[in-house]
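These notes concern the structure reproduced below.
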Protein chains: 2
Amino acid sequence: MKTPSKETQAAWRALLSVSKSLVESIERDLKAADLAPLAWYDVLLEIEKAGEDGIRPFELQERLLLPQYGMSRLLDRMDTAGLIRRETFGDDRRGQSVFLTPEGKAMRERIWPVYAGFLADRIGGALSEKDAIVMRDLLRKLA
Amino acid sequence: MKTPSKETQAAWRALLSVSKSLVESIERDLKAADLAPLAWYDVLLEIEKAGEDGIRPFELQERLLLPQYGMSRLLDRMDTAGLIRRETFGDDRRGQSVFLTPEGKAMRERIWPVYAGFLADRIGGALSEKDAIVMRDLLRKLA
DNA sequence: CCTAATATGATGCAGGTGCATCTATATGCT
DNA sequence: AGCATATAGATGCACCTGCATCATATTAGG
């Protein structure tokens, strides 16, 4: 049987517990500030980056690593919350394009300072720039 | 406003996406082999490590970073599945001690090869021992 | 052209999670 | 002792997620 080394196991356990703790931490910060959760931020940002023409749900899925039904429902909720708008367009009538509403743009802009504070504090405050680069490179090896 | 560096942001994004992908990957492997999910394995292992006297739910919560209600319900499900057993004991009648059933022990032992294969392959195969140590140390700085 | 296969997105259902609250027991304070 | 406080664990409710499947539109193959 393949047996992972102690070092491998320790790295994995650290990865699991640290990422879990950090995600819970930022989610708490956002909730405490009455803001949308992290997943919403990512969607808002991707839509904003996409610009004028909006973006297709299936592109969002791919970029954000969500299953199709997950993105479908996330967009439902964000639509209900008035942060985005979906339009079917003539080209391919199966599909749609997603756009930010002004409220969506505003929400993204209100989230960023909280998120930035978290990142600067919890990540930037703990890792030097060199550390951060090393870590990113090691993580990429795992991807 | 605190602004996180590019390096900080890249490390964070890598942490999020890699840990997410890896967790999904092992969960898929376990499901495909008709085994219990990762969280159950951790619980089974902690109980087994605790030995003869069993372990208290609140200790499991602390060690596995689960909220109280989360552990309560996880133990419900594992109990229903016949993998664990809960006993109230005379000392403190608010509390209980949790034990493995033989089926629980067997489940843990069936999960391990799959988990070990995943770790050896996806983590050990991608990171040298030195890499793994560096990564664990960097992650600990974030904890 | 007509049919099969594929792509895009939605949805019913079962089960998991967060939050607040509840019950029961134990401990501390006066 | 008597009452407030704290600790251990369970639970109702709303919401979220995974899985399977559906509906519709498009593309490919004969």
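All heavy atoms count here, side chains included; hydrogens, waters and symmetry mates do not. What you are looking at is a predicted structure, and each value in this text was computed from that prediction instead of being measured. The chains referred to below are lettered A, B, ... by the order of the sequence lines, with proteins before strands, and numbering in each begins at 1.
Between chain B and DNA chain C, the heavy-atom contact criterion of under 4.0 Å yields a 5' to 3' nucleotide range of C/dG16 to C/dA26.
Ring geometry for B/F118 against A/W12 counts as perpendicular: the plane angle is over 60°, on a 0 to 90° scale with 30° as the lower cut.
In this structure B/K2 satisfies the side-chain contact (heavy atoms from CB on, under 4.5 Å) test together with A/A120, A/D121, sequence neighbours excluded. In terms of the side chain to side chain donor-acceptor pair (under 3.5 Å) criterion, residue partners of B/D76 (sequence neighbours excluded) are, by chain and number, B/R86. Judged as a side-chain contact (heavy atoms from CB on, under 4.5 Å), and not counting sequence neighbours, the contacts of A/T101 are A/R85, A/E103.
Note: the hydrophobic cluster containing A/L38 also contains A/M71 (ILVMFWY, side chain heavy atoms under 4.5 Å, direct or indirect links). Taken together through direct or relayed side-chain contacts under 4.5 Å among Ile, Leu, Val, Met, Phe, Trp and Tyr, A/V23 and A/V43 form part of one hydrophobic cluster. Linking Ile, Leu, Val, Met, Phe, Trp and Tyr residues whenever their side-chain heavy atoms come within less than 4.5 Å leaves B/L45 and B/F99 in two separate clusters. A continuous path of Ile, Leu, Val, Met, Phe, Trp and Tyr side chains, each step under 4.5 Å between heavy atoms, connects B/L16 with B/M135, placing both in one hydrophobic cluster.
Neither OP1 nor OP2 of D/dA14 sits under 4.0 Å from any side-chain N or O of A/R77.
Put simply, CZ on B/R93 is 16 Å from P on D/dA10, counting in whole angstrom units. One interatomic measurement links the two molecules: CZ of A/R56 to P of D/dA25, which rounds to 14 Å at whole-angstrom precision. Rounded to whole Å, atom C1' of D/dT17 lies 15 Å from atom CD of A/Q61. The nearest whole Å value for the distance from the CG atom in B/D79 to the P atom in D/dT11 is 12 Å. If you measure from atom CG of B/D91 to atom P of D/dT7, you get 18 Å, rounded to the nearest angstrom.
A heavy-atom distance below 4.0 Å to DNA chain C is reached by these residues of residues 15-54 of chain A, ordered by number: A/K31. Contacts between residues 62-76 of chain B and DNA chain C, defined by a heavy-atom separation under 4.0 Å, are made by B/P67, B/Y69, B/R73.
Between the side chain of A/S21 and the backbone N or O of B/A143, no donor-acceptor pair lies under 3.5 Å. Panel note: side chain B/K141, backbone A/D131; no donor-acceptor pair is recorded below 3.5 Å.
With B/E7 as the fixed residue, the side chain to side chain contact (heavy atoms under 4.5 Å, CB included) test singles out one of A/K130, A/E129, A/R136: A/E129.
A donor-acceptor contact under 3.5 Å is formed by the side chain of B/R94 with the base of D/dT7.
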